[in-house]
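These notes concern the structure reproduced below.
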Protein chains: 2
Amino acid sequence: MLVSTDLRPNETRALAALFRAGALSRAALARDLGLTRSTTGALVLGLTEAGLARERSDGADDEQDGEGRVGRPGILVEIEGNGGFFLGAYIGVNWIATVAVDLAGAQRASASRAFAGPGSTPEAAVAIIEELVAEIRSQLPEGTRPYGLNVAVPGFPAADGVSYHATILGWHGVNLAELLGNAFGDDFPILLENDANAVAVAETYRAQPGKDDEDALVILIENGVGGGIINAGRLHRGRLGGAGEIGHLRIGDEGFVFDAKRPGRLESYVGKDALLARYLHISGRRAGVDEFVAALAAGDPTAVATARDWALWFGRGLATLACTLQPERIILSGSVNAVYPFVAEQVEAFLSDFLAEGYPVPTVELSRVGADGPALGAACLLHQASLSGDPKFQLRGLAAR
Amino acid sequence: MLVSTDLRPNETRALAALFRAGALSRAALARDLGLTRSTTGALVLGLTEAGLARERSDGADDEQDGEGRVGRPGILVEIEGNGGFFLGAYIGVNWIATVAVDLAGAQRASASRAFAGPGSTPEAAVAIIEELVAEIRSQLPEGTRPYGLNVAVPGFPAADGVSYHATILGWHGVNLAELLGNAFGDDFPILLENDANAVAVAETYRAQPGKDDEDALVILIENGVGGGIINAGRLHRGRLGGAGEIGHLRIGDEGFVFDAKRPGRLESYVGKDALLARYLHISGRRAGVDEFVAALAAGDPTAVATARDWALWFGRGLATLACTLQPERIILSGSVNAVYPFVAEQVEAFLSDFLAEGYPVPTVELSRVGADGPALGAACLLHQASLSGDPKFQLRGLAAR
DNA sequence: GTAAATTAGTATGCCAATCAAACAAATCAC
DNA sequence: GTGATTTGTTTGATTGGCATACTAATTTAC
């Protein structure tokens with residue numbers, strides 16, 4: 001009879017090692033885990049029987065630099081994606097999205113729906129998530145049960161750590177965990193995560209095979225400026241998940257848009273509103289981002305001047321953050337990304353000028369993940385928790401008993 | 001025959017659990033580790049025989065809220081401090097210090113010596129460390145071999161990750177790891193750590209029993225302003241250990257002391273030089289920190305005005321950092337601490353004003369560890385690595401074979 | 001005061017995870 | 001080809017951990 005069984009510690013460790021490396025021979029895995037080849041052979045046998053790993057058939061052993069090495073070549077073992085699924089969701093201002101990530105870390109299903117965030121109730125959002133989760137679950141192989149659902153929200157828990165504030169949605173003191181718990185019962189564990197944090201994970205989680213200790217800063221620029229911090233491959237949350245709220249970074253005295261209570265903040269210089277307000281101020285033209293970018297591309301001097309001002313403050317902010325956090329990469333996301341290519345040189349020159357000699361200059365890159373970012377990152381966080389051996393997200397496999 | 005043997009994974013996990021909790025009964029330890037009581041009993045027997053744990057005799061079971069609980073009371077087991085030692089050193093501008101921390105996390109030995117940092121060679125510093133290490137080793141029980149030496153340095157590795165820059169000592173491109181390796185051979189592993197990072201660890205490592213997931217920001221204020229970031233109880237290093245270099249945070253346009261290349265930085269407003277320069281500007285008096293504090297205590301209006309200006313910019317900087325990192329505690333260290341009590345209210349009012357509603361306000365505290373901070377923190381980092389199961393710092397015990 | 005309930009610690013037998021050692025298989029170097 | 005090297009598997013032995021008892025020490029109920 002086939003039953004679902006919890007994985008033993010070394011099985012989880014083996015999967016984590018396979019995930020890190022992409023694929024490994026049994027012998028290489030044994031070295032990685034500090035076990036003997038015989039033990040590892042048995043381990044891999046157990047994992048394949050449980051449907052969590054498989055021998056790689058395709059393309060032979062191309063990725064491993066096996067060519068030129070003496071001795072019998074190994075058979076690469078990799079994670080079987082269908083071994084498990086992790087759900088992520090995003091409650092945005094305009095839409096709600098859900099995705100499923102498989103055990104191999106690949107996105108396997110997604111579904112989304114328009115949602116008029118401000119003005120809608122949390123209950124309405126949860127109802128939509130419930131429907132979308134049913135939809136993506138139907139896209140997954142028969143009989144699979146996800147390991148959890150992580151919901152990215154544009155807000156933060158209050159000081160009590162439970163009730164959520166999502167100002168941008170007009171929600172205050174909402175117990176989202178309870179609402180979601182009511183909807184999904186005890187099917188699987190449910191988590192909540194700030195959306196900017198989730199995007200940061202989506203942008204960096206396993207961005208390069210074999211590299212899982214990245215230091216990165218992901219910056220989201222819309223009207224507000226938010227961000228997420230990745231330290232050694234792990235999300236830096238801070239006390240309530242609010243670390244990375246760099247919009248309030250005070251870099252000057254006023255700002256392009258003035259805020260009496262908190263003047264001089266980063267977002268009042270580099271946010272979307274701020275950029276367009278500056279353009280209005282210089283050119284007298286009221287434009288959207290697309291129009292502004294078109295003017296910039298056409299060489300309109302007022303647009304160029306606006307972009308230069310913007311780049312100056314943006315560079316200031318990045319330099320400050322680079323000193324404080326010393327990331328390897330800074331990744332930009334949001335609609336203002338369309339402007340960045342026009343000022344990349346200026347910003348990066350400012351950045352490296354500002355940093356002390358010998359200080360590593362981070363690269364500045366544009367987002368790779370698209371609109372699915374928050375939901376994808378939320379799912380990746382579950383994937384990470386499962387492979388790190390967190391007992392709450394303990395992996396399971398099918399075993400003959 | 002007694003031989004030294006590596007600990008098995010569960011033995012290390014048990015020690016880590018004992019360290020977190022201070023002391024646990026075998027039954028409580030079993031629950032913590034997810035093992036049965038019988039297994040845990042055997043585990044504890046092994047640890048006590050290996051000289052790494054012991055039953056607590058003193059003061060009975062006071063700390064555990066054992067009173068009023070039904071059932072047979074447990075016998076508390078705690079770490080035997082003599083089970084192992086971790087060495088930390090600090091190369092300062094004026095002195096070199098070394099300390100030893102035992103397996104229970106207690107400081108057990110220290111020795112220091114004056115050192116004219118700028119002008120001295122790295123070789124001279126290493127020679128002094130060698131002597132001081134011999135000195136503190138002689139203070140430890142016979143025959144103990146430390147698990148490692150971690151040296152806190154006022155500098156950072158270059159982009160190559162190896163050669164060190166310590167501008168304040170006048171050292172550039174020094175391969176400290178090699179020099180230390182030559183001095184100590186393969187006696188034990190040797191690490192290097194930035195001094196501000198080490199202080200951050202010293203201030204937070206096991207500050208409260210049972211709490212090991214603190215989010216804190218430690219700020220060092222001398223002429224320069226540096227710092228270290230603790231995220232969930234772990235040091236946030238950034239790419240080369242330079243995270244927390246908040247002195248370059250740009251919070252204004254100029255500064256109390258002007259720096260043409262990087263104007264408006266935090267340290268040009270709140271560093272010791274900046275504070276005293278401001279005082280000179282307002283009062284016309286050239287003073288040291290002690291004199292300034294005396295004037296402040298005496299109610300000298302120019303000193304009060306200076307402190308108010310200082311508090312304003314300091315509050316700005318703290319608010320910015322609190323948003324970015326969301327720490328639970330901000331801990332201040334350095335000679336300027338003497339000024340802080342006079343402006344604590346202003347700074348903290350500014351801080352909570354600036355933070356958004358619902359945002360947790362960090363507490364601001366003054367340093368608890370003294371001059372030994374950097375060396376102590378360096379040693380604590382080794383302690384942490386050992387108990388976290390890092391194979392490089394694998395704990396060992398004596399066992400009959 | 002005594003009995004019942006509860007929890008801690010230990011002893012015993014069993015299972016299974018791991019190892020060490022040996023062997024067969026597949027490749028490279030010559 | 002032959003030898004060297006590395007992989008994967010088999011075998012038997014070891015041991016780490018569990019379930020299940022059992023005894024010990026304390027609180028609660030009566």
Side-chain angles (χ1 to χ4, degrees), chain A residues 3 5-15 17-18 21 23-50 53-57 60-62 64-78 389 397 399-401, chain B residues 5-14 17-18 21 23-50 53-57 60-62 64-78 389 397 399-401:
Chain A
V3 293
T5 54
D6 280 6
L7 258 59
R8 285 152 313 192
N10 275 345
E11 291 181 324
T12 306
R13 289 211 306 140
L15 287 176
L18 290 176
L24 289 171
S25 69
R26 288 167 178 78
L29 182 59
R31 283 189 294 269
D32 193 327
L33 297 176
L35 300 173
T36 60
R37 276 176 294 142
S38 51
T39 304
T40 308
L43 209 55
V44 169
L45 187 66
L47 288 174
T48 48
E49 281 176 352
R54 65 175 177 221
E55 294 190 348
R56 174 177 285 186
S57 46
D61 40 15
D62 42 0
Q64 295 293 92
D65 49 352
E67 303 310 311
R69 291 198 23 243
V70 73
R72 169 179 171 177
I75 307 157
L76 289 181
V77 177
E78 65 183 359
R401 273 296 147 89
Chain B
T5 53
D6 281 5
L7 260 58
R8 286 152 312 192
N10 276 345
E11 291 181 324
T12 306
R13 290 210 306 141
L18 290 177
L24 289 171
S25 69
R26 289 166 177 80
L29 182 59
R31 284 189 295 267
D32 193 327
L33 297 176
L35 300 173
T36 60
R37 275 176 295 141
S38 51
T39 304
T40 308
L43 209 55
V44 169
L45 186 67
L47 288 173
T48 48
E49 280 176 354
R54 65 177 176 218
E55 294 189 348
R56 172 177 285 185
S57 45
D61 37 16
D62 42 0
Q64 295 293 91
D65 48 353
E67 303 310 312
R69 291 200 21 245
V70 73
R72 169 179 171 176
I75 307 157
L76 289 181
V77 177
E78 65 183 358
R401 271 296 144 87

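In what follows, chains are A, B, ... by sequence order, proteins preceding strands, each numbered from 1. Since we're looking at a predicted model, the values are computed, not measured. Side-chain atoms are counted along with the backbone in the values below, which use heavy atoms only and exclude waters and symmetry mates.
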So, using salt bridge (Lys or Arg N to Asp or Glu O under 4.0 Å) as the criterion, who are the partners of A:Arg54 when residues are at least two apart?
A:Glu78, A:Glu80
Here the pair of heavy atoms bringing A:Ala14 nearest to A:Leu29 is O-CD1, 4.0 Å
Salt bridge (Lys or Arg N to Asp or Glu O under 4.0 Å) involving B:Arg8 - partner list, sequence neighbours excluded
B:Glu11
Quick one: does any side-chain atom of A:Thr48 pair with a main-chain N or O of A:Val44 as donor and acceptor, under 3.5 Å?
yes
Apply side-chain contact (heavy atoms from CB on, under 4.5 Å) to B:Ala42 and list each qualifying residue two or more places apart in sequence or on a separate chain.
none
Over all atoms of both residues, closest heavy-atom pair of A:Ala30 and A:Thr40:
CB-OG1, 3.1 Å
Nearest heavy-atom neighbours spanning A:Leu33 and A:Ala17:
CD2-CB, 4.2 Å
Anything under 3.5 Å between a protein N or O and an N or O of nucleotides 15-19 of chain C, put it in a table, one pair a line.
| from | atom 1 | to | atom 2 | distance (Å) |
| --- | --- | --- | --- | --- |
| C:dA17 | OP1 | A:Arg8 | NH1 | 2.6 |
| C:dA17 | OP2 | A:Arg8 | NH1 | 2.9 |
| C:dA17 | O5' | A:Arg8 | NH1 | 3.4 |
| C:dT18 | OP1 | A:Asn10 | ND2 | 2.1 |
| C:dC19 | OP2 | A:Thr36 | N | 3.0 |
| C:dC19 | OP2 | A:Thr36 | OG1 | 3.2 |
| C:dC19 | OP2 | A:Thr39 | OG1 | 2.9 |

What is the distance from CG of B:Leu76 to C1' of C:dA8, rounded to the nearest Å?
12 Å
Would you mind reading off the distance between B:Leu45 atom CG and D:dT15 atom C1', rounded to a whole angstrom?
15 Å
Can you spot which of B:Asp6, B:Leu47, B:Leu7 makes a side-chain contact (heavy atoms from CB on, under 4.5 Å) with B:Thr12?
B:Leu7
Once you build an axis from the first five pairs and another from the last five of the helix from C:dG1-D:dC30 to C:dC30-D:dG1, how far apart in angle are they, to 10 degrees?
20°
Could you report the tightest heavy-atom contact between A:Gly74 and A:Ser25, atom names first, then the distance?
CA-CB, 3.9 Å
For residues A:Leu24 and A:Val77, determine if any side-chain heavy atom of one lies less than 4.5 Å from a side-chain heavy atom of the other.
no
Whole angstrom is fine here: how far is it from CZ in B:Arg56 over to P in C:dA8?
17 Å
Could you state the CG-P distance from B:Leu33 to D:dG16, rounded to the nearest angstrom?
16 Å
Between atom CZ in A:Arg26 and atom P in C:dA25, what is the gap in whole Å?
16 Å
I'd like a table of atom pairs between the protein and nucleotides 2-7 of chain C - only N or O on both sides, under 3.5 Å - with the distance next to each one.
| from | atom 1 | to | atom 2 | distance (Å) |
| --- | --- | --- | --- | --- |
| C:dT7 | O2 | B:Arg72 | N | 3.0 |

How far does CG of B:Leu18 sit from CZ of B:Arg13, to the nearest 0.5 angstrom?
12.0 Å
